[in-house]
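Just below is one structure, and these are the notes that go with it.
In each ligand, atom 1 is the first atom listed, and ligand 1 is the first ligand listed. Hydrogens, waters and symmetry mates play no part in the numbers below; they use all other heavy atoms, side chains included.
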Amino acid sequence: MDRIRIVGGHKLSGVIPVSGAKNAALPLMIASLLTPEPLTLENVPRLADVRLLIRILENHGVDHAIDGKRTGDAPGAGQTIHFSAKNIVDTVAPYELVSRMRASFWVLAPLLARMGEARVSLPGGCAIGTRPVDLLLMALERLGAEIDIESGYVVARAPKGLRGGEIDFPKVTVGGTHTALMAAALAHGDTLIRNAACEPEVTDLAACLIAMGAKISGAGTPTIEVQGVASLHGARHAVLPDRIEAGTYAMAVAMTGGDVLLEGARADLLQNALDALARTGTTVTAEDAGLRIVRNGAGIAPVDVTTAPFPGFPTDLQAQFMGLMTRSEGVSRITETIFENRFMHVQELARLGARIRLDGDTAIVEGVRRLKGAPVMATDLRASVSLVIAGLAAEGDTTVHRVYHLDRGFERLEQKLVACGAQIERISDPG
Ligand code: EPZ
C-alpha cells in the first residue's frame with residue numbers, strides 16, 4: 001500500500017492549478033443515465049472515485065470514451081469524457097460496488113425515473129458517521145415511487161413513471177437534493193423542492209440538467225421548481241472547479257507561509273472559509289486567474305468556526321482548518337454540525353503534537369509552537385489531507401499511511417505541492 005512521506009518546514013510558493021470538483025463530477029456522471037443521448041463532461045478530475053463510478057455506470061450499460069490530449073492542453077488539464085447510456089441493460093447496483101463509494105447510491109433516482117424501476121444496495125455506514133438515506137427515499141416517495149427494502153437493497157418502482165410533487169426536506173441534504181432534481185426532471189408534472197441544498201455542486205448539476213432540456217428554476221436557493229419533461233437530450237458541460245481542493249491548498253499555504261496562486265479557484269464558491277482564513281492573518285486576494293493566498297512571517301491567529309450547509313463553513317474543510325489551528329497562537333473552537341462523527345483526525349493530529357480536546361460536537365484546539373513529524377493514518381479523505389497540511393509544517397518526517405483515501409479526492413496532490421517547494425513524495429510498497 002502506498003504511503004506519503006513529508007519533510008516539513010518548507011514554505012509554499014508558486015502556482016497550483018485547481019482541478020474539477022469531485023463532488024460535482026460524480027452526480028454529473030450519474031445524470032448521464034437520464035438520457036439515451038451522449039453527455040459530454042469537460043474538466044473531469046483524474047481521481048479514484050471517478051474511475052470507480054465509471055465502472056459502476058458500465059455495469060448499467062453506460063459506454064464512455066475519454067478524449068486524448070489536445071494541442072495547447074495545460075499539463076494535468078481536466079479530462080473530457082463522453083458518456084452514453086443508450087441502452088440501460090441492468091437496473092441493479094450491487095453491494096460490492098455501492099459499498100465502495102457512497103455517492104454511487106445516487107444512481108437510484110435516474111434509473112427509476114427513466115426505467116420505472118431500480119434495485120440499489122444500501123450504502124452502509126462510513127468513517128464519518130451513520131449517513132442514512134431516509135431523506136433520499138422520502139423524496140422519491142413524494143414523487144410517487146413505491147419503495148421496499150429487500151435483503152439490504154432498496155427496491156424502487158414507478159411502473160407508470162414518477163409524478164411531480166412537493167418535497168420538503170427537514171434537513172439540508174446535498175444527495176437528497178441531487179436525487180430530487182434528477183427524479184423530478186423526468187416526472188409527469190411539476191415538483192417543488194423546499195429547504196433544498198444550495199451547494200455549488202447542486203447548482204452545477206441543475207445547470208447540466210437544464211442543458212439536457214430539463215426545466216428547473218431556483219437552483220442555488222432553498223426553493224427549487226422543476227417542470228417535468230418527457231425526455232432529456234445530450235449536452236456538453238464543464239465541471240466547476242473544486243472549492244474543497246482550493247480551500248485545502250489555501251489552508252496549507254496559511255500553515256507553512258508563502259505565496260501561492262490557486263489557478264481557477266473562485267472566491268464565490270468559498271467565501272465563508274476565505275473569511276475565516278483572512279481572520280487568521282492570511283491575505284486572500286481574488287485575481288483574474290484565481291485566488292492568491294499569502295502569509296508572511298506573522299503568527300496564525302486563532303479563529304472559531306462552525307460548519308454549516310452552503311454558504312456556511314464547509315464540513316469538507318473542517319479537518320483542514322483544524323490542522324491549521326493546531327499552530328495558532330491561542331485557543332480556537334471548531335464545531336461540526338453536519339456529521340456526528342467527523343473528528344477522526346483529532347487523534348492523529350495529536351500524534352504530531354497537537355493539543356485538541358473534544359467536547360461533544362466541538363473540538364477545542366490549543367495552538368502549539370511546533371508540531372513534530374510522526375507516522376499517521378486516517379480514515380477518510382478530508383482527515384487524511386489535514387494530516388498532510390500538518391505534516392507540511394511539522395519538524396522532520398511525517399508519513400501518511402492509507403494514501404488511497406487521498407487518491408479518492410485529490411488529483412496529483414504530491415506533484416502540485418512539490419511544484420510549490422514542498423518536500424513530499426509517494427512511496428510505493430511492492431506487492
Ligand atoms: C455530500 O454528501 C458530499 N459528498 C460530502 O462530501 C459532504 O460532506 C456533504 O455532501 C455535506 O456537504 C458528495 O458530494 C459525493 P448530505 P451527502 O446528504 O450528500 C444527513 C467528501 O469528503 N442525512 O448533505 O451524502 C446526513 O447524515 C464528502 O467529499 C440524513 O439524515 O451529504 C448529514 O448529517 C464526505 N438523511 C446531513 O444530512 C439522508 O437521507 C447532510 O448530508 C441524507 C442525509
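Across the listed options Lys22, Arg102, Lys171, Lys171 owns the non-hydrogen atom lying nearest to atom 37 (C) of ligand 1. For the residues Gln318, Arg382, His405, the heavy atom positioned nearest atom 29 (O) of ligand 1 is part of Arg382. Comparing heavy-atom distances from atom 36 (N) of ligand 1 across Asp134, Asp380, Val174, Val202 singles out Asp134 as nearest. The heavy atom nearest to atom 27 (O) of ligand 1, out of those in Pro27, Ser104, Gly176, Pro132, is found in Pro132.
Residue contacts with ligand 1, taken as heavy atom pairs separated by less than 4.0 Å, involve Leu136 via backbone and side-chain atoms alike.
Ala24 approaches Glu201 most closely through the heavy-atom pair N-CG, 3.7 Å. What you find for Leu205 and Leu28 is that their closest heavy atoms are CA-CD2, 3.8 Å. Closest approach of Asp304 and Arg333 over heavy atoms only: OD1-N, 2.8 Å.
For Trp106, the closest heavy-atom approach to ligand 1 falls below 4.0 Å.
A heavy-atom distance below 4.5 Å is found between the side chains of Arg55 and Arg100.
Around the CZ atom of Arg142, the shell of radius 6.0 Å holds no more than 12 heavy atoms that belong to other residues, nucleotides or ligands.
Taking only nitrogen or oxygen atoms, main chain and side chain alike, Ile338 reaches within less than 3.5 Å of ligand 1. Below 3.5 Å of separation, one finds no N or O of Thr315 facing any N or O of ligand 1.
Annotation: the span from Met29 atom CE to Trp106 atom CH2 amounts to 12.5 Å, rounded to 0.5 Å.
Each of the atoms 8 (O), 22 (O), 35 (C) of ligand 1 lies under 4.0 Å from some heavy atom of Arg342. Applying the 4.0 Å criterion to heavy atoms of Gly175 picks out, from ligand 1, the atoms 18 (O), 19 (O).
A salt bridge does not link Glu366 to Arg357: none of the charged side-chain nitrogens sits closer than 4.0 Å to a carboxylate oxygen.
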